[in-house]
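See structure below.
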Amino acid sequence: MKQFFSVADVVDLSEIVDEALRLKQAPFAYEQLGKRKTLGLVFLNPSLRTRLSTQKAAMQLGMDVMVMNMDKDGWALETRDGVAMDGATVEHIREAAAVMGQYCDVLGIRSFPKLIDRDADYSEDLFRKFSSYCGVPVISLESATRHPLQSFADLITIHEHWRKPSIPKVVLAWAPHVKALPQAVPNSFSEWMCRAQAAGMVDFTIAHPEGYALSEVFTQGAAVVNSLDEALIGADFVYVKNWSSYDDYGQILPVREQWMLDNRKLAITNNAKVMHCLPVRRDLELASEVLDGPQSLVIPEAGNRVWAAQAVLKRMLGEN
Ligand code: SN0
């Protein structure tokens, strides 16, 4: 594997999920594979789970890890070509990425969208430039439009917690927030779930208020409804996440109905397990009674980030 940017970089979903679960059973089975290899993790935005789980995964494969907080410790990066750098940017991504590629065997990069210019964000300019200039395999640690390590961990979590012969109903449920958040997590979750649905692994529904439709690129085959209560009927997994509008790009639109999942709404479901990528704002996005209740999977879900990262790194180190 030379790149992990989207679900399209995975050949066989069930195979990679099984591989992650095998690594969970035997974390050190490949501790020699990454010996004397270096992973560089480059952050242009904050991170807790991605940073720690990817480091842990790399360490269990025997790798050394270097972390670069580009937003705090690095030079201000220029990404445009053909401009005289006479302003605030100090170093061009052409040199910065190429230099990091000299020091690392695999690189990961996190860069959120700016949520101002939709075409610019959705072009994935920064991730693409970084990948092409660094010259080594690159893992997305959340780009402008996707968060594949999160979605992979989510699929592992659903697979792990579904032990019935039937196909589980998975609902991606929009939640309220006070800040405009990226569409990366829901886009990516939807893209992975649509692929899982096509493989007969899940039955996938998206619920969001009017004006919050995701780009259709990510939702092929998903059922989409504008009522949370309707979507929750028969749900086995509810994946809670806020996102800002795609159509009215980056905006927070007025929403009248109650969209925060609480125990009363959870009672509509088929005793559903509740997921969230975290960080979560309690009693704004998701009721604490749900987060603290027996149906919450948020902590084991975050735990599975290690096995997702480890399965990806293992492939980048040359196995498959
Ligand atoms: C990010 C997002 O893409 O939604 C990262 C999720 C893994 N979340 C936030 O930026 C939350 C910020 C906040 O103020 O709650």
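In what follows, every heavy atom counts, from backbone to side chain, and hydrogens, waters and symmetry copies are set aside. These numbers were taken from a predicted model, which means no experiment stands behind them. For ligands, and for the atoms within them, numbers begin at 1 and follow the listed sequence.
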Relative to ligand 1, is [X] under 4.0 angstrom through side chain, backbone, both or neither, heavy atoms considered?
| X | result |
| --- | --- |
| Leu278 | backbone |
| Arg49 | neither |
| Gln150 | neither |

With respect to [X], determine whether any N or O atom, backbone or side chain, lies less than 3.5 Å from an N or O atom of ligand 1.
| X | answer |
| --- | --- |
| Arg110 | no |
| Lys179 | yes |
| His147 | no |

Give the residue and atom name of whichever protein heavy atom lies nearest to [atom], and the separation in Å to one decimal.
| atom | result |
| --- | --- |
| atom 11 (C) of ligand 1 | Leu181 CD2, 3.8 Å |
| atom 1 (C) of ligand 1 | Phe112 CZ, 4.0 Å |
| atom 14 (O) of ligand 1 | Arg281 NH2, 2.5 Å |
| atom 4 (O) of ligand 1 | Lys241 NZ, 2.8 Å |

Rounded to the nearest 0.5 Å, what separation is found between the CG atom of Asp81 and the NE2 atom of His92?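 If we round to the nearest 0.5 Å, Asp81:CG and His92:NE2 are 4.5 Å apart.
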Atom indices of ligand 1 within 4.0 angstrom of Glu142 heavy atoms, with elements: 2 (C), 3 (O), 5 (C), 6 (C), 7 (C)
The single option from Leu41, Val136, Leu313 passing side-chain contact (heavy atoms from CB on, under 4.5 Å) against Val106: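 When Leu41, Val136, Leu313 are each tested with Val106, the side-chain contact (heavy atoms from CB on, under 4.5 Å) holds only for Leu313.
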Can you check whether Leu266 reaches Gln295 side chain to side chain, under 4.5 Å on heavy atoms?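 Yes, close enough: below the 4.5 Å cut-off.
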Relative to each other, are the rings of Phe189 and Tyr239 parallel, tilted or perpendicular (30° and 60° limits)? parallel
Taking the six-membered ring for Trp, are Trp192 and Phe152 parallel (under 30°), tilted (30 to 60°) or perpendicular (over 60°)?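 The arrangement is parallel - the two ring planes meet at less than 30°.
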Are Arg282 and Asp292 close enough for a salt bridge, meaning some N to O gap below 4.0 Å? yes
Under 4.0 Å between a Lys/Arg side-chain N and an Asp/Glu carboxylate O for Arg315 and Glu19?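 Yes.
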Please state whether Glu285 comes within less than 4.0 angstrom of ligand 1, counting heavy atoms only. no
Within less than 4.0 angstrom of ligand 1, does Pro182 place any heavy atom?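 The answer is yes: ligand 1 sits under 4.0 Å from a heavy atom of Pro182.
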Validate the cation-pi geometry between Lys314 and Tyr30: distance from NZ or CZ to the six-membered ring centre under 6.0 Å, angle to the ring axis within 45°.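 That pair qualifies as a cation-pi contact.
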Thr157 vs Asn304, test: side-chain hydrogen bond (donor to acceptor under 3.5 Å, both in side chains). Steps then yes/no. CA-CA 7 Å; Thr157 308; Asn304 281 336; 3.0 Å; yes
